[in-house]
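Note: hydrogens, waters and symmetry copies are ignored here, and every other heavy atom, side chains too, is used.
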Amino acid sequence: MVFNSLSFAFFLPLVFGCYWFLTPKRIGLQNALLLVASYFFYACWDYRFLFLLIFSTALDYFAAQKISNSSTLQTQKRWLWCSIIINLGFLGIFKYYNFFVGSFAELLAHFHFKTSFQTLSIVLPIGISFYTFHGLSYIIDVFYKRISPEKNIVDYSLFVSFFPLLVAGPIERATHLLPQIKKERSLSPSDFTDGLKQILWGLFKKMVVADSCAIYANQIFNNATDFSGSTLLLGAVLFTFQIYGDFSGYSDIALGTARLFGFELLQNFKFPYFSRDIAEFWRRWHISLSSWFKDYVYIPLGGSKGSKTKQIRNVLIIFLLSGLWHGASWNFVIWGLLNALYFIPLLVFNRNRNHLEIVASNTFLPSLKESLQITVTFCLTVLAWIFFRSASVGQAIGIIQNIFSESLFTIPNIKPKYTILMVLVFIVMEWLGRKNNYAIASFFGSNPAWVRWMFYYLLAFSILYCSGSDQQFIYFQF
C-alpha cells in the first residue's frame with residue numbers, strides 16, 4: 001500500500017472515520033486503533049517482516065525499562081549496548097552483509113586470493129532504516145535522561161510504527177512525538193483543511209513532477225552509453241527534481257496525514273534547491289536524518305569543538321554514514337564523501353553557518369550574488385546525484401566524462417517539453433511559497449473561495465491525469 005494508491009484512498013478515510021467518530025476523546029482506544037492500522041499498513045507490504053518490527057519495538061521498550069530501573073551505570077550501559085547492537089545487527093544483516101562480504105571478496109581477489117564467501121538471498125525489510133533510528137534515538141534519550149521511559153507499550157509501539165512515517169520518515173524523536181501520543185487530541189477545521197492541502201501538494205509533487213521526470217531520467221540512465229553529454233546532463237537534472245519531488249512529496253503526504261489525526265510531525269524539507277551553499281542545503285534536505293546524525297553521532301564525536309582536523313574528521317564520518325544509510329553500495333559512499341568535500345571548505349573558513357534564513361526573505365527576487373550562489377550549489381548537487389542514481393561507480397564516472405565532453409554542446413536526443421514546462425511551473429510555485437512550511441500553504445489566501453477551489457481542482461485534475469500505476473517512492477528502498 002502506497003500513499004499514491006487507490007487502496008490508500010480507501011484506507012485513510014476509513015481509519016480517519018473510526019478514529020474521530022467511533023473513539024472520540026478516548027486516547028487509549030485511539031492509540032490502539034492507530035497501532036492496529038499501522039501494523040496492517042506495514043503488513044500490506046510483507047507480513048513476514050511485521051514480526052521484525054514488533055521484535056525491535058519490544059526490545060527497545062523493555063531495554064528502556066531496564067535502564068531506568070537499574071541502579072548502576074554499568075548495568076544501564078549493558079542494556080543500552082544490548083539494544084544498539086541487536087538493532088544495528090538486524091540492519092547490518094539485512095542491508096549491509098552482502099555489500100561488505102562482496103567488497104571484501106573483491107579486495108582479496110585483487111591480490112589473487114581465492115575466497116568462498118556466501119551471500120544471503122534476503123529481501124530488505126521496507127522502512128527498517130527509519131524505524132531502527134526511531135528506536136535508537138529513544139533508547140539513547142532514555143539513557144541520558146532526556147526522556148522518561150514510556151510505560152504504556154501501546155503508546156510506545158505507536159511512536160515507532162505510526163503509519164504516516166513508518167516507511168520513509170521523517171525520523172521522529174520520542175521527545176517530540178510521544179508527548180503528543182499521550183495527550184488528548186483535537187481536530188480544528190483549519191487543521192483539517194491544512195492537512196488535506198499538504199496531502200494534495202505532496203501527491204502533486206510525487207505523481208505529476210517526480211513520476212513525469214522519472215520516465216525520462218530512467219530512460220537516460222538505463223541507456224547512458226547511447227546518449228550525448230547534453231542528454232545525460234538533462235537526465236541528471238530531471239533526476240534531481242525526481243528525487244526531490246518524490247521524497248519531499250512523501251514527507252508532505254506524511255505530515256498532512258498526521259495532521260488529520262491531530263499530530264505535528266517534524267518538517268523534513270525546507271526548499272533545499274534554493275540553498276546558497278552545501279551547508280544550507282543539508283540544513284534543508286532530509287532534515288530529520290541530518291539532525292539525527294548531528295545529535296547522536298556528530299556531537300558525541302566532539303562536533304565543532306576541538307581542532308579543525310577533528311572537525312573535518314567528524315564531518316567525513318557523518319557524510320560517510322549518511323551515504324551508507326542510503327544504500328549498501330560504493331556509489332552511495334562516494335555520493336556522501338563528495339558532499340563532504342563540498343562542505344569541508346565552508347567549515348575550514350567558518351562559512352558553514354552563513355545562510356540560516358531562507359533566500360530573499362525580504363525581497364521578491366534574489367540578488368545577483370544569491371542567484372549565482374544558488375546556481376553553483378544546484379550544479380554541485382546535480383553532479384553528486386549522478387553517483388546516487390547510477391547503477392555503479394563506473395557508470396557514474398562514464399556519465400560525468402560524457403557530460404564534460406564536446407557532446408555537451410549538442411541538442412539533447414530527448415526533448416521532454418511537457419515535463420520541463422511542469423518542472424519550471426513547479427519551481428515558480430516553490431519560490432512563491434518558500435517562506436511557508438510547504439509551498440501552497442497560503443496560496444490565494446486573500447482571494448475569493450472560488451479562486452482557491454479552482455486551484456485545488458486544477459492540482460487534483462493534474463494528479464488524476466498523471467495517475468496510472470502505483471509508483472513506489474524512491475526512499476522505500478532505504
Side-chain angles (χ1 to χ4, degrees), residues 137 146 169-173 175-176 198 240 243-244 247-248 251-252 255 264-308 310-319 321-322 336 338-385 427-442:
S137 66
R146 298 167 187 152
I171 301 172
E172 273 289 346
R173 309 292 182 85
T175 52
H176 179 253
Q198 194 161 9
T240 298
I243 193 169
Y244 174 57
F247 192 22
S248 68
S251 294
D252 280 331
L255 268 66
E264 293 283 343
L265 300 184
L266 294 171
Q267 186 177 0
N268 216 16
F269 290 87
K270 292 182 179 179
F271 310 97
Y273 289 158
F274 299 142
S275 300
R276 287 150 290 184
D277 57 43
I278 288 297
E280 183 182 8
F281 174 84
W282 280 104
R283 284 194 295 272
R284 298 182 179 280
W285 177 277
H286 203 349
I287 301 168
S288 62
L289 178 66
S290 300
S291 62
W292 197 99
F293 276 126
K294 182 191 73 173
D295 292 342
Y296 297 106
V297 181
Y298 183 72
I299 292 177
L301 285 173
S304 298
K305 299 178 181 178
S307 66
K308 286 295 182 184
K310 289 184 178 179
Q311 293 178 35
I312 292 171
R313 178 205 64 182
N314 297 342
V315 167
L316 285 170
I317 291 173
I318 290 301
F319 278 103
L321 290 176
S322 179
L338 186 57
N339 275 282
L341 293 178
Y342 295 160
F343 186 93
I344 287 171
L346 298 173
L347 177 68
V348 170
F349 294 104
N350 297 316
R351 299 176 63 88
N352 55 306
R353 297 190 64 81
N354 274 11
H355 305 295
L356 301 180
E357 298 294 329
I358 191 71
V359 64
S361 57
N362 298 317
T363 59
F364 181 71
L365 293 175
S367 65
L368 181 61
K369 178 182 178 181
E370 289 173 329
S371 299
L372 181 61
Q373 290 172 328
I374 292 171
T375 301
V376 171
T377 304
F378 181 79
C379 290
L380 292 174
T381 304
V382 170
L383 181 65
W385 283 133
I427 292 172
V428 171
M429 295 172 70
E430 288 268 296
W431 179 262
L432 294 175
R434 69 191 183 281
K435 298 177 184 179
N436 302 311
N437 290 332
Y438 60 98
I440 67 168
S442 60

Original post:
Do Ser288 and Arg173 get their side chains close enough for a donor-acceptor pair, meaning under 3.5 Å?
Top reply: no
In this structure, CG of Leu346 is separated from CD1 of Ile278 (nearest 0.5 Å) by 8.0 Å
query: Any sub-3.5 Å donor-acceptor pair from Gln311's side-chain atoms to Gly306's backbone N or O?
result: yes
Using a 3.5 Å cut-off and no angle test, enumerate the donor-acceptor pairs between side-chain atoms of residues 349-364 and protein atoms at least two apart in sequence or in another chain.
unit_1: Asn350; atom_1: OD1; unit_2: Lys308; atom_2: NZ; d: 2.7
unit_1: Thr363; atom_1: OG1; unit_2: Leu365; atom_2: O; d: 3.0

Ignoring hydrogens and angles, tell me if any N or O in the side chain of Asn314 forms a donor-acceptor pair with the backbone of Gly303 under 3.5 Å.
yes
Hits for ring-ring contact (aromatic ring centres under 6.0 Å, His included) against Tyr438, two or more places apart or cross-chain, chain-then-number order -> none
### Close side-chain approach of Phe269 to Pro170, heavy-atom, < 4.5 Å
no
Phe293 meets the ring-ring contact (aromatic ring centres under 6.0 Å, His included) criterion, sequence neighbours left out, with Phe133
**Item:** Min side-chain heavy-atom separation Leu266-Leu255 under 4.5 Å
**Value:** no
dist Asp277:CG -> Thr377:OG1 (nearest 0.5 Å) comes out at 6.0 Å
Distance col, row Lys310:NZ vs Ile312:CD1, nearest 0.5 angstrom, shows 13.0 Å
Hits for salt bridge (charged side-chain N to carboxylate O under 4.0 Å, His left out) against Arg146, two or more places apart or cross-chain, chain-then-number order -> Asp141
Here the salt bridge (charged side-chain N to carboxylate O under 4.0 Å, His left out) pairs for residues 359-382, sequence neighbours left out, are Arg276-Glu370
For Pro272 and Trp285, the nearest pair of non-hydrogen atoms, with its separation, is CG-CE3, 3.6 Å
Dump the intermediate steps for side-chain contact (heavy atoms from CB on, under 4.5 Å) on Leu289 and Ser322, then the final yes or no. CA-CA 8 Å; Leu289 178 66; Ser322 179; 4.3 Å; yes
To the nearest 0.5 Å, atom CD1 of Ile318 lies from atom OG of Ser290 at 9.5 Å
Sorted by chain and residue number, the ring-ring contact (aromatic ring centres under 6.0 Å, His included) partners of Phe378 (sequence neighbours excluded) come out as Phe241, Tyr273
To the nearest 0.5 Å, atom CG of Asn436 lies from atom NZ of Lys270 at 12.5 Å
Notebook entry, point to check: Salt-bridged, Glu280 to Arg284, with N to O below 4.0 Å?
Noted result: yes
**Q.** Asp252 side chain vs Gln198 backbone, donor-acceptor pair below 3.5 Å
**A.** no
d(Ser291 OG, Ile171 CD1) to nearest 0.5 Å is 8.0 Å
Per ring pair (Phe, Tyr, Trp, His ring centres under 6.0 Å), His286 is matched among Tyr244, Phe247, Trp292 by Phe247
Taking the six-membered ring for Trp, are Trp282 and Phe319 closer than 6.0 Å centroid to centroid?
yes
